[in-house]
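Owing to the predicted nature of the structure, the values given are computational and were not obtained by experimental measurement.
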Amino acid sequence: MARPLRFRYSPAHWSEQRVRQEILQPLRNNIGAQAVSPRYRINGGWDTHRFEMANDDVALFARNEEEAYWMGNTETPSALWRTDKFGWRDVPYHVSRWAQRELLSTLHEEDPWLADYPHLSWFFLPVFMSKDGRESTRAFFREHAAGFPDAGRRESTRFFEEFFSSGTLDEYRHVMSGKLGTSDHVDRVRMSAAMGEFIAAKVLVDAGYDVVPEIEVTTGHSLDFRAKDAETNVLVEVTRPQPPANRAAAGPVAAVRDTAETKTNGQLAEHGGGAVLFVDCSSFREDNWNAVRGEQPDVRHRPAVVYRARPNGHIEGYQKGSVPLELDDALEFENFGQF
């Protein structure tokens with residue numbers, strides 16, 4: 001499976017003739033490539049190339065007198081096979097900005113409805129335009145409402161657009177966008193679980209905390225987030241139960257208990273305590289969630305927060321144990337207890 005889009009770096013001079021011979025010609029022979037005019041200009045002394053393939057793949061190449069960068073959701077020409085790969089923040093700004101504009105233009109040409117959500121389009125661009133995952137990741141938002149049940153694509157996408165517009169996770173875009181995956185098919189369970197991490201980040205940010213994802217702990221495991229403010233430094237792990245119709249559990253309460261137990265016996269057990277468990281029930285329909293909120297089942301780990309988000313921004317839940325986070329600004333605990 002191909003990974004999210006990254007740049008390949010060539011520390012060499014590339015002439016126009018070399019580009020034609022070692023990039024265009026092999027791609028033309030193999031997949032019907034054409035050299036077309038780039039859609040945007042670039043500053044900083046770079047020459048740019050755009051290649052479009054008969055199978056709708058696209059590739060970009062920027063070069064100056066000393067070095068060059070390649071990015072594409074297509075096969076890589078053999079002349080670039082042994083080159084190092086770099087993330088979007090690790091290449092010259094002019095190159096990154098140009099490639100971003102080229103690919104966003106292509107994305108919005110292929111899926112025009114995403115143009116209404118520029119921050120989300122930018123954040124997930126490395127997977128929305130990836131070699132294997134471009135169809136599945138877009139379809140997850142377009143046809144599966146980003147994992148929200150009983151919701152439309154626009155209200156669900158707007159929910160995440162508003163969060164991404166804050167820029168909170170911009171620094172971590174490559175690792176976080178990659179959680180959506182680059183599979184060639186929609187895996188709604190896995191993708192919904194990935195979106196659960198973004199909902200958790202939103203809860204923490206709305207509550208006033210700074211968040212840092214993928215915190216490696218002494219056991220060698222990674223927990224999902226560190227939540228910090230002037231007085232708080234707390235690790236958070238997120239799990240997202242599958243709705244009962246998608247699993248073998250007897251009902252929504254059992255689904256919450258079983259999924260949380262799996263997490264508790266995994267990373268949290270290895271970690272040895274001290275982390276807060278977030279149980280995100282946003283995949284549950286209203287009737288299933290009502291059963292959970294009515295019983296408020298224990299989740300075999302304390303402290304824990306169990307909640308459900310809706311695309312209109314409303315998030316409600318309950319707590320178990322003494323949660324070392326002040327979440328009242330992000331979660332509605334009205335008529336819910338803390339046990």
Side-chain angles (χ1 to χ4, degrees), residues 1-112 114-115 118-135 137-138 170 173-174 177-178 182:
M1 184 189 305
R3 298 182 61 184
L5 283 179
R6 292 187 294 172
F7 290 89
R8 285 184 175 272
Y9 173 64
S10 171
H13 171 71
W14 284 76
S15 65
E16 184 82 30
Q17 181 179 10
R18 186 182 178 190
V19 171
R20 287 197 302 270
Q21 291 178 345
E22 298 187 28
I23 294 181
L24 176 58
Q25 194 60 48
L27 292 178
R28 177 178 287 162
N29 293 340
N30 291 345
I31 48 178
Q34 289 187 326
V36 300
S37 297
R39 299 179 179 185
Y40 295 94
R41 297 171 61 90
I42 189 173
N43 297 318
W46 296 87
D47 293 310
T48 58
H49 304 264
R50 179 183 173 107
F51 306 101
E52 296 181 354
M53 322 304 161
N55 62 358
D56 294 328
D57 290 355
V58 63
L60 306 171
F61 194 69
R63 60 187 173 89
N64 62 18
E65 291 299 316
E66 299 177 348
E67 56 187 354
Y69 291 89
W70 159 275
M71 171 173 280
N73 56 16
T74 189
E75 67 177 57
T76 302
S78 60
L80 297 168
W81 282 356
R82 294 178 177 84
T83 52
D84 293 330
K85 297 178 182 179
F86 290 90
W88 291 76
R89 298 170 66 91
D90 302 320
V91 305
Y93 170 78
H94 293 302
V95 174
S96 178
R97 172 65 174 163
W98 169 72
Q100 171 187 305
R101 297 179 74 192
E102 291 281 332
L103 295 179
L104 280 172
S105 173
T106 303
L107 173 66
H108 294 156
E109 180 179 78
E110 295 175 351
D111 273 281
L114 282 171
H119 296 94
L120 181 137
S121 294
W122 173 83
F123 194 90
F124 286 114
L125 190 64
V127 292
F128 279 166
M129 290 297 293
S130 64
K131 178 177 175 60
D132 296 328
R134 59 192 181 205
E135 298 297 335
T137 52
R138 299 180 214 174
D170 285 3
R173 178 175 70 146
H174 185 75
S177 67
T182 55

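- Between the side chains of Trp122 and Gln100, at least one donor N or O sits under 3.5 Å from an acceptor N or O.
- The shortest side-chain heavy-atom distance between Thr48 and Trp98 falls under the 4.5 Å cut-off.
- Aromatic ring pairs are classed by plane angle as parallel below 30°, tilted from 30° to 60° and perpendicular above 60°; the pair His49 and Phe51 is parallel.
- Under the 4.5 Å side-chain criterion, counting only non-hydrogen atoms from C-beta, Arg3 is not in contact with Thr182.
- Side chain of Asn73 to backbone of Met129: a donor-acceptor contact under 3.5 angstrom is found.
- Note that the CG atom of Leu114 and the CG atom of Leu107 stand 5.5 Å from one another [nearest 0.5 Å].
- Annotation: Gln34, atom CD; neighbour count of heavy atoms from other residues, nucleotides and ligands within 6.0 Å does not exceed 12.
- Using a distance-only test at 3.5 Å, with no hydrogens or angles considered, a donor-acceptor pair links the side chain of Glu102 to the main chain of Arg39.
- Here the straight-line distance linking atom OH of Tyr40 with atom CG of Leu60 works out to 12.0 Å at 0.5 Å rounding.
- Between Val91 and Tyr9, every side-chain heavy-atom pair lies at or beyond the 4.5 Å cut-off.
- A distance of 10.5 Å separates CZ in Arg173 from CZ in Phe124, rounded to the nearest 0.5 Å.
- For Glu66, the CD atom counts as loosely surrounded, since its 6.0 Å shell holds 12 or fewer non-hydrogen atoms of other residues, nucleotides or ligands.
- Within the 4.5 Å cutoff, side-chain heavy atoms of Leu104 are placed close to those of Leu125.
- Under 4.0 Å is where a charged nitrogen must lie from a carboxylate oxygen, and between Glu110 and Arg134 no such pair does.
- Rounding to the nearest 0.5 Å gives a distance of 10.0 Å between OG of Ser15 and CD of Glu65.
- Exactly one residue among Arg50, Met71, Met53 makes a side-chain contact (heavy atoms from CB on, under 4.5 Å) with Val58. That residue is Arg50.
- Aromatic ring orientation, Phe7 versus Trp88: perpendicular (interplanar angle above 60°, classes split at 30° and 60°).
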